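A quick note: this is a predicted structure, and the numbers were derived from the prediction, not measured. Any value given below was found using the heavy atoms of this structure, including those in side chains, with hydrogens, waters and symmetry copies removed. Protein chains get the first letters and strands the later ones, always in sequence-line order, with residue 1 at the start of each.
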Number of protein chains: 2
Amino acid sequence: MKIDPKSSADLSAQIAKSIRDAIINGEMDVDTRLPSEAELSEQFDVSRPTVREALKRLAAQNLIRTQRGASGGAFVRRLSYQDAYANHITTSTLLLSMNAVDFETACEARYALERACAPLSAVRRTPDHLATMRAEIHRQSQPGLSDESFCDSDVAFHRALVDGADNPVLSYQLAGAVEAMQPLMNMITFTARNREMIVGLHTRIADALDEKEPALADTALAELTAYTLQLGEEAMAARDARAAKPDTTS
Amino acid sequence: MKIDPKSSADLSAQIAKSIRDAIINGEMDVDTRLPSEAELSEQFDVSRPTVREALKRLAAQNLIRTQRGASGGAFVRRLSYQDAYANHITTSTLLLSMNAVDFETACEARYALERACAPLSAVRRTPDHLATMRAEIHRQSQPGLSDESFCDSDVAFHRALVDGADNPVLSYQLAGAVEAMQPLMNMITFTARNREMIVGLHTRIADALDEKEPALADTALAELTAYTLQLGEEAMAARDARAAKPDTTS
DNA sequence: CGAATTCTAAATGTCTGACAATTTAAACAC
DNA sequence: GTGTTTAAATTGTCAGACATTTAGAATTCG
């Protein structure tokens, strides 16, 4: 930290990087107070607004928090799972939408990862997780449910499945894959027959976890993967057909 | 966008959130130019430094890029896989180090996810991936290698395994788990016997992918998981023993 | 007429200085 | 001692200015 070579990059970016590196390398523990803005601007030999821009960059990455008043200042922040989750989900979602990832790729990734959790979840899931899954299955069976709510419930179901593995690192990594898929899933229009099929598979998964049968859960998840992929293909084909044919309604 | 209620939060944070939401909700496509700082400061009725702080926040999240000069300004940025990877890895690493995640949890997550990739990788891996894996295995067999280099090579090996699945979404999600484990792995002191064992398992994995045998790969990965967990436990026990006994060297 | 050069304007990057708002802690009165 | 007041430190915000970079228009020259 503290050094600042003659580079072409923005000063605020350089300063932010310098402080960020110090935090990441463990040179500053959680809740350590950074020097005040005035002190930093002296150390780096820049003006206070420039220092402030650097600090705002770090704040945006949840690396520091700031406090006003005497004995206030910027403090190294403990990155909470909650913050990391939220960050990961928005980044994943953005990545998928901005890079036009196709349904097949995203779907394959999501279910591959979920199948990695299922064996652990079968052993460790608590009654709470099972109750959540049952509740979501029941919600999915309601006839009047909108497609969007159905997808919400789907995410909640799978979330419970993943959380059942009782491994926060796994939950964190999975959150990105599961939640980021939602916009793509929302493009599917579900028929009553589709929902019946999915609810049936969800029930089989819940039953398998209930009975602590990893193999059964895996089989059901494999079928769900195949079925979801098929639905996705149909939805994409229908969309492409609509795009190819000129709009007849206007 | 554009609205800004009387809230207690920082103005720059509110403005950043407002613009961020607009980008995430797809209201602004990639490469769309944002209004200039002067225009934004008028729209939000704040000063230019405040607007700048908001823009720096967005830049820190890779949501925008800025260009100087006439017809310059801030543009919505396409989030590249590369950026997302780097971001994800630092966040994951920080999350693990700041929250004192135990070796067992991280290790379990990592290998569970890798085992999800192995079946796909067995089918899709290219000769390039195999060559990388063989090269890293060879590197790991060198006698003079430091523990740290051994871990580096280990990460590269597993990275090739994951990339072999030919699914960028999967690679992205996995990168966090695999790379974030490295600091924890680096705490292990490997004996010659340990390395021999690991190299043997790596070879079995590479062979299995070479022969497109998912089942063999899975078995070898399971054994590697168990062995790594065991090494981790021993390392942690040794460390705890050192910590419990007063230092005798000083 | 075309091409190279120069000029200009727009935009971000940075600085200075100031004031407002907030919070802690010391000083003070009772 | 306890409660109140005051002062100081620190971040949040603003205004105005200048520097730097860049694209494009204007100009000049072959």
Hits for side chain to side chain donor-acceptor pair (under 3.5 Å) against Gln182(B), two or more places apart or cross-chain, chain-then-number order -> Asp152(B)

Taking salt bridge (Lys or Arg N to Asp or Glu O under 4.0 Å) as the definition, give me every residue that meets it alongside Asp45(A), ordered by chain and number, with sequence neighbours left out.
none

Using the test side chain to side chain donor-acceptor pair (under 3.5 Å), find all partners of Thr228(B) that sit at least two apart in sequence or belong to another chain.
Tyr111(B)

Residues in salt bridge (Lys or Arg N to Asp or Glu O under 4.0 Å) with Arg77(B), at least two apart?
Asp83(B)

DNA chain C: Arg48(A) or Ala9(A), which has the more 5' nearest nucleotide?
Ala9(A)

Partners of Arg33(A) by salt bridge (Lys or Arg N to Asp or Glu O under 4.0 Å), sequence neighbours excluded?
none

Going by salt bridge (Lys or Arg N to Asp or Glu O under 4.0 Å), name the pairs with one or both residues in residues 155-173 of chain A, residues two or more places apart or in two chains.
Arg159(A)-Glu179(A)

Five pairs at each end of the helix from dC1(C)-dG30(D) to dC30(C)-dG1(D): take the axis at both ends and give me the angle between them to 10°.
20°

In the 5' to 3' direction, the nucleotides of DNA chain D bounding the stretch that comes under 4.0 Å of a heavy atom in chain B are dG12(D) to dA23(D)

Need two values: the first and the last nucleotide of DNA chain C, 5' to 3', having an atom under 4.0 Å from any heavy-atom of chain A.
dG13(C) to dT24(C)

Pairs where residues 47-61 of chain A contributes a residue and the test salt bridge (Lys or Arg N to Asp or Glu O under 4.0 Å) is met, not counting sequence neighbours
Glu37(A)-Arg48(A), Glu37(A)-Arg52(A), Arg52(A)-Glu53(B), Glu53(A)-Arg52(B)

Run through His158(B), Glu148(B), Gln140(B) and flag the one making a side chain to side chain donor-acceptor pair (under 3.5 Å) with Ser153(B).
Gln140(B)

By nearest nucleotide on DNA chain C, pick out whichever of Gly72(A) and Asp45(A) is the more 5' one.
Asp45(A)

Name all residues meeting the side chain to side chain donor-acceptor pair (under 3.5 Å) criterion together with Gln67(A); count only those two or more places apart in sequence or in a different chain, and write none if there are none.
none

Listed partners of Thr105(A) passing side chain to side chain donor-acceptor pair (under 3.5 Å), at least two apart:
Asp102(A)

Which part of the nucleic acid, if any, lies within reach of Arg65(B) when heavy atoms closer than 4.0 Å are counted: base, sugar-phosphate only, or nothing?
nothing

